[in-house]
Undergrad: 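Take a look at the following structure, please.
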Amino acid sequence: MNSSHSSAASRSPHTFRTVFPVLALCWLAVFFDGMDVNIYGAVMPHMLDDSGLGLTPATAGTIGSWTTFGMLIGALTAGNLTDWLGRRLMLVTSVTLFSLGSAICAVAPGVGLFGAGRFVAGLGLGGLMPLCLAMVMEFAPPRRAALTTGLLMTSYHFGGMAATGLGLTLAPAAGWRWVFWAGVIPALVAVPLLLKLLPESPGVLLAHGERAKADAVADRYGLPRPTEVAAPAAGAAGRLAAIRALFRPESRWATPLLWLASFSGLLLVYGVSTWLPQMMRASGYGLNSSISFLMVINAGGIVGLLITGRAADRFGAVRVSAIWFVLTAAGALLLKSQLPLGVTYAVVAVTGVFLFSAQVMVYAATNTVYRDSERAAGLGWVTGIGRTGAVVGPWLIGVLATNGNQSWGFTTFALAGLVGAVAIALVPLARRIGRSDAPAAPAPVAATVGLS
């Protein structure tokens, strides 16, 4: 009894201040993620002008899809290995992979090796996002998951703005290859910090049988001590069980809807990140203005996430995501029109407010559908299946660009927004249907199972 009181007295309060180190480290990792994802779009106009590389609009779209195909594999792999091998190790591996891919791109003599470099980068990029989201959601203070997720994701857009700045300054002065050399910085900066300062998930530590370490981490950051029920099972059997749990009666209908919403959201995110500068250039805007649109839309994304996190904590992530998808569709249709430059900048900024936040709130919505032990696998599959949208988006816009129909890309983005809105809006109904299909609760005596 005394030891229990002593441990309770030594626990830190569960506030933003106590979990700030975890949020800050994940913020840094996602910053570099956003920088690497947006680098390609920021320098694509310069690469298309480089006759020695041999890049065409068609191959540019294909390479964009190679990147996101790597993300698909990375997200599915990381989401199902993180609870087995540890989230910190998988995070370090992800950062190392996308830094290596950037180095390959910097030295690539032609499109073949360049595409291979983007695929390797995609493996790391795809794994990093669900890992950071799972860490931040686990460590987030009570009832602040959506706000904390929004704060984390601002780093993606700061990274996108950094990539745009490199595309506007370094690429014209030194060449596009030096922009990719800048993508090696994460391995030199983030990896040592993650290894030294990032704690392991208490749930993962408990699953590995390290009860003392799990309790110590939980006490240090003010988290509830993990229980066997909350801890994810380790090993291949545990991974398969986690995947099956995504289709338990309570979530069997919500899971495919989350996947469809994520598909639509990531089609928008990566289609815009890859092609917006070139699409605007084809619409008659100058080279620098076209690249600047990428910075403006990411700036809008930062504002949107700061607003959206608080709105979702008040009104619910599902409702906010659905409305934001509809507003994104409206913004995409406006961009199809020939507007004055100043008005276009305003429309791009406002569209950015809603576009990226709509997808982030899909991630936040998973917190209402899956239990603690399913969170990493659930996020991994929502982001992983969503990556098929990220594969389709850059490829499809590339096909349209090859045929001289870039303006149809904005229509494609609008349709994706409407599909995402319908899918995420149906999640609460799907959960109610699932609960009605679930078997009756067991007798009260069974409630003590797994708590010893």
Side-chain angles (χ1 to χ4, degrees), residues 7 10-30 32-33 74-75 77-97 124 126-142 145 148-149 152 155 186-187 189-239 241-242 363 366-367 370-380 383:
S7 64
S10 65
R11 289 172 58 83
S12 299
H14 195 185
T15 65
F16 274 116
R17 179 176 296 181
T18 57
V19 302
F20 178 78
V22 175
L23 177 60
L25 288 167
C26 290
W27 195 99
L28 178 66
V30 176
F32 286 124
D33 180 303
T77 302
N80 289 287
L81 291 180
T82 176
D83 295 323
W84 184 13
L85 300 178
R87 293 180 188 173
R88 184 172 61 175
L89 175 61
M90 292 301 298
L91 266 174
V92 168
T93 301
S94 296
V95 173
T96 302
L97 276 174
L128 186 139
M129 189 66 74
L131 292 169
C132 286
L133 285 166
M135 285 289 288
V136 166
M137 285 186 180
E138 180 176 6
F139 281 77
T148 309
T149 301
L152 171 70
S155 61
V189 175
V191 166
L193 291 174
L194 291 170
L195 285 172
K196 184 175 182 179
L197 301 175
L198 186 70
E200 184 55 88
S201 157
V204 171
L205 289 171
L206 181 60
H208 292 174
E210 300 180 83
R211 160 66 72 179
K213 289 184 179 179
D215 289 346
V217 172
D219 291 347
R220 180 181 177 187
Y221 292 93
L223 308 180
R225 289 187 172 185
T227 64
E228 298 294 341
V229 174
R239 297 300 85 230
Y363 297 146
T366 63
N367 210 40
Y370 301 122
R371 299 172 297 191
D372 289 348
S373 59
E374 301 157 5
R375 183 180 292 124
L379 274 171
T383 56

Undergrad: Restricting to non-hydrogen atoms, name the atom on Val95 and the atom on Ala190 that form the minimum distance, rounded to 0.1 Å.
TA: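 So the two residues come closest at CG1-CB, 4.2 Å.
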Undergrad: I'd like to know if the side chain of Arg88 reaches the main chain of Pro199, judged simply by a donor and an acceptor atom lying under 3.5 Å from each other, with no hydrogens or angles considered.
TA: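 Here the side-chain-to-backbone pair does not exist.
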Undergrad: Looking at every non-hydrogen atom in both residues, tell me the closest pair between Gly127 and Ser94 and how far apart they are.
TA: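 Looking at all heavy atoms of both residues, the shortest contact is C-OG, 3.7 Å.
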Undergrad: Give me the atom names and distance for the closest heavy-atom approach of Pro202 to Ala214.
TA: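 In this case the closest contact between Pro202 and Ala214 is O-CB, 3.4 Å.
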Undergrad: Nearest 0.5 Å please: distance from the CG atom of Leu89 over to the CG atom of Leu195.
TA: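 Between Leu89 CG and Leu195 CG, I get 8.5 Å after rounding to 0.5 Å.
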Undergrad: If I compare all heavy atoms of Met135 with all of Arg87, which pair ends up nearest, and what's the gap?
TA: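 Nearest heavy atoms, Met135 then Arg87: SD-CD, 3.7 Å.
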Undergrad: Please give me the minimum heavy-atom distance between Leu91 and Leu131, naming the atom from each residue.
TA: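 That would be N-CD1, 3.7 Å.
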Undergrad: Measuring from atom SG of Cys26 to atom CG of Leu194, what distance do you get when rounded to the nearest 0.5 angstrom?
TA: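 If we round to the nearest 0.5 Å, Cys26:SG and Leu194:CG are 7.5 Å apart.
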Undergrad: Return the minimal non-hydrogen interatomic distance between Trp27 and Leu152, and the atom names on each side.
TA: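 Trp27 and Leu152 have their closest heavy atoms at N-CD1, 3.6 Å.
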